[in-house]
Amino acid sequence: MSSEDKEAQEDELLALASIYDEDVFKRAESAQGGETRICLELPQNFKVFVSGNSTESLQNRGFEYTVCFLPPLVLNFELPPDYPSASPPVFTLSGKWLSPAQLSALCKHLDNVWEENQGCVVLFAWMQFLKEETLSYLNISSPYELKMCRQGSGQSRTPLVPLDAEECGGAAGCAA
């Protein structure tokens, strides 16, 4: 690890820790990395339409709710020794209410942000993009439809499907 990379990593992690509360940004204790929980900025009167599985009679029609927030996107990252001079952060991105294709699209965009800014720190840019532009980037508008499916012991939950790392480009991995 070059001293420039080590210093850039330390400066970036300290800056993020000073900008965000501990419930938003947590630095890993043992490694150069951490986790950030990103709450999206929703427009006023944002509606979610929850539709059920066709075999579930109560949920056939679905329900529409006005929501103030959605569960956060979770970005886990680890900084390789040659970040930011040569390598991007290794990361996983998850969001309980997003489809695998949507998560993959976001991962590819994060990879592109790295490519455009190679040699510079990118975590803050990634976090700002996810917070401010996820809805428009994915063309999500109100009402946003969430499909519920039956899993496990009969509880209805949004599907959680892991993605393969290669779906997100070579530089980073995704998980739902």
Side-chain angles (χ1 to χ4, degrees), residues 8-9 11-28 32-51 64-80 83-85 87-147 158-176:
Q9 288 181 20
D11 289 348
E12 181 177 33
L13 294 173
L14 285 171
L16 292 173
S18 70
I19 293 169
Y20 298 103
D21 292 337
E22 198 171 301
D23 59 335
V24 174
F25 177 79
K26 289 183 183 166
R27 184 171 174 173
Q32 286 291 87
E35 174 182 281
T36 183
R37 296 183 173 280
I38 298 150
C39 293
L40 304 188
E41 296 177 354
L42 295 181
Q44 267 194 319
N45 298 317
F46 189 83
K47 294 184 184 333
V48 173
F49 180 76
V50 181
S51 62
E64 189 169 281
Y65 302 97
T66 300
V67 296
C68 299
F69 63 89
L70 291 167
L73 300 179
V74 179
L75 177 69
N76 286 288
F77 63 91
E78 192 169 317
L79 305 178
Y83 168 81
S85 65
S87 296
V90 176
F91 71 93
T92 58
L93 179 65
S94 60
K96 294 180 187 269
W97 52 276
L98 290 173
S99 72
Q102 290 169 316
L103 284 167
S104 181
L106 291 174
C107 289
K108 286 178 183 169
H109 183 79
L110 297 182
D111 287 340
N112 290 338
V113 170
W114 162 254
E115 290 297 324
E116 294 166 6
N117 296 285
Q118 193 165 353
C120 299
V121 295
V122 294
L123 292 175
F124 181 77
W126 284 2
M127 292 167 66
Q128 287 303 107
F129 164 77
L130 291 170
K131 180 178 182 176
E132 298 172 1
E133 299 179 49
T134 292
L135 295 178
S136 61
Y137 186 78
L138 296 176
N139 295 314
I140 292 174
S141 59
S142 180
Y144 177 61
E145 184 175 2
L146 289 176
K147 292 186 189 288
T158 53
L160 299 175
V161 181
L163 293 174
D164 293 329
E166 52 272 5
E167 288 186 52
C168 297
C174 281

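FYI, side chains are in, hydrogens and waters are out, and symmetry mates aren't considered; it's all heavy atoms of this structure. Keep in mind that this is a model prediction, so the values were computed, not measured.
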*Asks:* How about V122 and Y83: do any of their side-chain heavy atoms sit closer than 4.5 Å?
*Replies:* yes
*Asks:* Between F77 and W126, does the ring centroid distance fall short of 6.0 Å?
*Replies:* no
*Asks:* V48 and L70: side chain to side chain contact (heavy atoms under 4.5 Å, CB included), yes or no, with the steps?
*Replies:* CA-CA 9 Å; V48 173; L70 291 167; 4.0 Å; yes
*Asks:* Do any side-chain atoms of residues 130-138 form donor-acceptor pairs under 3.5 angstrom with protein atoms, and if so which ones, sequence neighbours left out?
*Replies:*
residue, atom, partner, partner atom, Å
E132, OE2, Q128, NE2, 2.7
T134, OG1, L130, O, 2.6
S136, OG, E133, O, 3.2

*Asks:* Let me have the donor-acceptor pairs involving side chains of residues 32-39, under 3.5 Å, with sequence neighbours excluded, atom names and distances please.
*Replies:*
residue, atom, partner, partner atom, Å
Q32, OE1, R27, NH2, 3.1
Q32, NE2, Q9, OE1, 3.1
T36, OG1, V24, O, 3.1

*Asks:* About how many Å separate CD of E12 and SG of C120, when rounded to the nearest 0.5 Å?
*Replies:* 10.5 Å
*Asks:* Classify the ring geometry between W97 and Y144 as parallel (under 30°), tilted (30 to 60°) or perpendicular (over 60°).
*Replies:* perpendicular
*Asks:* Please find the pair of heavy atoms, one from V113 and one from N117, that lie closest to each other, and give the distance.
*Replies:* O-ND2, 2.8 Å
*Asks:* Testing the basics here: between N45 and T66, what is the closest heavy-atom pair and its distance to 0.1 Å?
*Replies:* CA-CG2, 3.8 Å
*Asks:* Any luck finding a side-chain donor-acceptor pair between K47 and S142 under 3.5 Å?
*Replies:* no
*Asks:* Could you tell me the separation between the CG atom of L106 and the NZ atom of K108, rounded to the nearest 0.5 Å?
*Replies:* 11.0 Å
*Asks:* Mind listing the closest non-hydrogen atom pair of I140 and F46 along with its distance?
*Replies:* CG2-CZ, 4.0 Å
*Asks:* To the nearest 0.5 Å, how far apart are CG in L16 and CZ in F124?
*Replies:* 8.0 Å
*Asks:* Any idea which heavy atoms bring C107 and F91 closest together, and the distance?
*Replies:* SG-CE1, 3.8 Å
*Asks:* Suppose we screen for side-chain hydrogen bond (donor to acceptor under 3.5 Å, both in side chains). Which residues come up paired with S85, at least two apart in sequence or across chains?
*Replies:* D5
*Asks:* Rounded to the nearest 0.5 Å, what's the gap from CD on Q102 to CG on L73? Could you check?
*Replies:* 10.0 Å
*Asks:* Would you compute the distance between atom CG of L110 and atom CG of L93 and round it to the nearest 0.5 angstrom?
*Replies:* 6.5 Å
*Asks:* Which atoms form the tightest heavy-atom contact between V90 and P80, and what is the distance?
*Replies:* N-CD, 4.3 Å
*Asks:* Which pair of non-hydrogen atoms, one from P84 and one from W114, has the smallest distance, and what is that distance?
*Replies:* O-CH2, 3.1 Å
*Asks:* Measure the spacing between NE2 of H109 and OG of S104 and express it to the nearest 0.5 Å.
*Replies:* 13.5 Å
